[in-house]
**Q** 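Sharing a structure, written as structure tokens. Questions coming.
Every chain is numbered from 1 and lettered A, B, ... according to where its sequence line falls, protein lines coming before strand lines.
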Number of protein chains: 2
Amino acid sequence: MTTRWLTPEEQRAWRAYIAASQLLEDAIDRQLQQEAGMPHLFYSVLANLSEAPDRRLRMTDLAESLKITRSRLTYAVTRLERDGLVRRENCRWDKRSSLAVLTDAGTAVLERTAPGHVETVRANLFDRLTPEQVRQLEEICTGITRGLQGDDAEAGVGDVPWRRRSSCSSSRPTDS
Amino acid sequence: MTTRWLTPEEQRAWRAYIAASQLLEDAIDRQLQQEAGMPHLFYSVLANLSEAPDRRLRMTDLAESLKITRSRLTYAVTRLERDGLVRRENCRWDKRSSLAVLTDAGTAVLERTAPGHVETVRANLFDRLTPEQVRQLEEICTGITRGLQGDDAEAGVGDVPWRRRSSCSSSRPTDS
DNA sequence: TAGGTTTGTTTCAAACTTGAACCAAGACGA
DNA sequence: TCGTCTTGGTTCAAGTTTGAAACAAACCTA
């Protein structure tokens, strides 16, 4: 089977994407490490909880929403719990589950650091995009996501064994 | 100063981007770990070297091209060297520098695994994008990159003779 | 309702990343 | 030429991620 190599346009796009995502994530991580003392993922955990009804979420749902492994989330929550920003609670209906709950301290950290975070995202991303490009980016990314966790067809070489179930989402300025 | 929060459109785009980049990188890492026994970054090191004149690059130039810290590259090259895929060489003109050189074994691994990698990138990204979207993605990403590193460090440094900043030398099927 | 499977979560060791500190070599100015 | 600054690279410890394995609670199903 002969490989369908990337076309020159695709190569350029791919390289540009790799570079941009690397640099962007680095910048955001650096900023959050500075201002909030935690990496982007941990901040996203707090942000996600803050938007959840009752500020709490099952570990699995949270992991699903963040697109990370449960193992990775366990580590993050453990650290955030140690810092008093999150607390674990047992689920009353399913004794296997545990809930991550945003504490008041966690809320405070979020409120204090959200402006700086949003500013960084803005400065490095949205201030450089036209409204049209914002739309394009969303379109492109939702397409990729759909493909990778397939609401439709299965495609791709790799596949994720854990999937399914979605939960809350809404809007709030805290951002992810 | 009041924060300029993200608009709903920007929020949607941002969340979509975070999810997509996370899932995409995971898929690629998983595939490469399977087929090549190394994470994406390590593969990119090999790919980048394979495109360099003489299959060798100064550590700093390689790090720059990959948009990673020198420290991180040191670790990667050390591991790749242990596996015999890369070799270190001293720079004759600048005794501080060391060069990373792609070995024959490294080339072989690259040639063996490139098709699978490209297939993954294709299946999960480009097969889901229209040609127009490929263009848009490149445009968006180059803009971001320019903002993140061009802003401050665009001074055209006078290239010293031996410092051929050769970065990307165009097209080759190996991809990054 | 016992036994087997699935689901939710954690644990653990190995791998990788980060950032500051360190060392050596080149560049530069007085 | 000496002293100082800069550049190229590595080292080290602490932090994070990975993936497989371990557990326990729910869910079948015969």
**Q** Would you say B/Q11 and B/R15 are linked by a side-chain donor-acceptor pair, where the criterion is simply a distance under 3.5 Å?
**A**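 A pair is found: one side chain offers a donor N or O, the other an acceptor, under 3.5 Å apart.
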**Q** In whole angstrom, what separates A/K67's NZ from D/dT17's P?
**A**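 Going from NZ in A/K67 over to P in D/dT17 covers 17 Å.
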**Q** Could you state the atom-to-atom distance from CG of B/L66 to P of C/dT17 in whole Å?
**A**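 Taking atom P of C/dT17 as the reference, CG of B/L66 is at 11 Å.
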**Q** Give a yes/no on whether any side-chain N or O of B/T69 is located under 4.0 angstrom from OP1 or OP2 of C/dT17.
**A**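 So the side-chain polar atoms of B/T69 never come under 4.0 Å of the phosphate oxygens OP1 or OP2 of C/dT17.
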**Q** Heavy atoms from C-beta onward define the side chain here; which of C/dT11, C/dA24, C/dC16 lies closest to that of B/R96?
**A**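 The answer is C/dA24, which lies nearest to the side chain.
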**Q** Which of these nucleotides, C/dT10, C/dT9, D/dT16, is closest to any side-chain atom of A/P39?
**A**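 For A/P39, the side-chain atoms sit closest to D/dT16.
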**Q** To the side chain of B/T74, which of D/dG9, D/dG8, D/dT18 is closest?
**A**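 Of the candidates, D/dG9 comes closest.
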**Q** From the set C/dT10, C/dA15, C/dT9, return the single nucleotide nearest to any side-chain atom of B/Y75.
**A**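 Closest of the options to the side chain of B/Y75: C/dA15.
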**Q** Between C1' on D/dA25 and CH2 on A/W93, what's the gap in Å once rounded to a whole number?
**A**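 To the nearest whole Å, that distance equals 17 Å.
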**Q** Just the rounded figure in Å: distance from P of C/dG8 to CZ of A/R88.
**A**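 Interatomic distance, CZ of A/R88 to P of C/dG8: 16 Å.
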**Q** Categorize A/D94 for me: base, sugar-phosphate, or nothing, with a 4.0 angstrom heavy-atom threshold over every strand shown.
**A**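 Here A/D94 touches the backbone only, sparing every base.
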**Q** By nearest atom, which of the nucleotides C/dT17, D/dT16, D/dA26 is closest to the A/F42 side chain?
**A**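 Selected nucleotide: D/dT16.
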**Q** Is there a side-chain contact (heavy atoms from CB on, under 4.5 Å) between A/M38 and A/L46? Walk through the geometry before answering.
**A** CA-CA 11 Å; A/M38 65 181 79; A/L46 299 185; 3.8 Å; yes
**Q** Measure CE/B/M38 against P/C/dC16 and give the value in whole Å, please.
**A**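 Between P of C/dC16 and CE of B/M38: 10 Å.
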**Q** I'd like to know whether A/E132 forms a salt bridge (Lys or Arg N to Asp or Glu O under 4.0 Å) with A/R135, so could you lay out the CA-CA distance, the side-chain angles of the two residues, the decisive distance to 0.1 Å, and finally the verdict.
**A** CA-CA 5 Å; A/E132 179 57 19; A/R135 256 186 305 274; 2.9 Å; yes
**Q** Quick one: which of D/dG9, D/dT18, C/dA25 gets closest to the side chain of A/R72?
**A**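 Out of D/dG9, D/dT18, C/dA25, the nucleotide with an atom closest to A/R72's side chain is D/dT18.
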**Q** Start at the 5' end of DNA chain D and walk down; is the nucleotide closest to B/S98 or to A/R79 reached first?
**A**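 Looking at the nearest nucleotide for each, B/S98 comes out on the 5' side.
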**Q** Does B/G37 or A/Q34 map to a spot on DNA chain C nearer the 5' end, using the closest nucleotide for each?
**A**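 The residue mapped nearer the 5' terminus is B/G37.
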**Q** Go through D/dA26, D/dG9, C/dT10 for me and flag the one nearest to the A/K95 side chain.
**A**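 Per side-chain heavy atoms of A/K95, the pick is D/dA26.
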**Q** Whole angstroms only, please: what is the CG-C1' distance between B/D61 and D/dT7?
**A**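 In whole Å, D/dT7 C1' and B/D61 CG are 12 Å from each other.
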**Q** Please work out which of the three classes, parallel, tilted or perpendicular, describes the rings of B/H40 and B/Y43, given edges at 30° and 60°.
**A**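 It falls in the tilted class, 30° to 60°.
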**Q** Using only side-chain N and O atoms of A/R30, determine if any of them is under 4.0 Å from OP1 or OP2 of C/dT18.
**A**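 For C/dT18, OP1/OP2 do not have a side-chain N/O of A/R30 under 4.0 Å.
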**Q** Report the distance from atom CD of A/Q31 to atom C1' of C/dG19, rounded to the nearest whole Å.
**A**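 Value for this atom pair: 17 Å.
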**Q** What residue among B/R56, B/R92, B/R55 forms side-chain contact (heavy atoms from CB on, under 4.5 Å) with B/L99?
**A**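 It is B/R56; the other options fail the test.
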**Q** A/M59 has a side chain; which of D/dT16, C/dT10, C/dG19 sits nearest to it?
**A**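 Of all the options, the side chain of A/M59 is nearest to C/dT10.
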**Q** Within a strict 4.5 Å, meaning less than it, do heavy atoms of the A/T60 and A/R70 side chains meet?
**A**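 The answer is yes; the side chains approach within 4.5 Å.
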**Q** Round to a whole Å and report the spacing from CG of B/D26 to C1' of D/dT18.
**A**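 Between C1' of D/dT18 and CG of B/D26: 10 Å.
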**Q** Of the listed nucleotides (C/dT10, D/dT16, D/dG8), which one gets closest to any side-chain atom of A/R70?
**A**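 Side chain of A/R70 sits closest to C/dT10.
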**Q** In terms of side-chain heavy atoms of A/S71, which of D/dA25, C/dT11, C/dA20 is nearest?
**A**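 Closest of the options to the side chain of A/S71: C/dT11.
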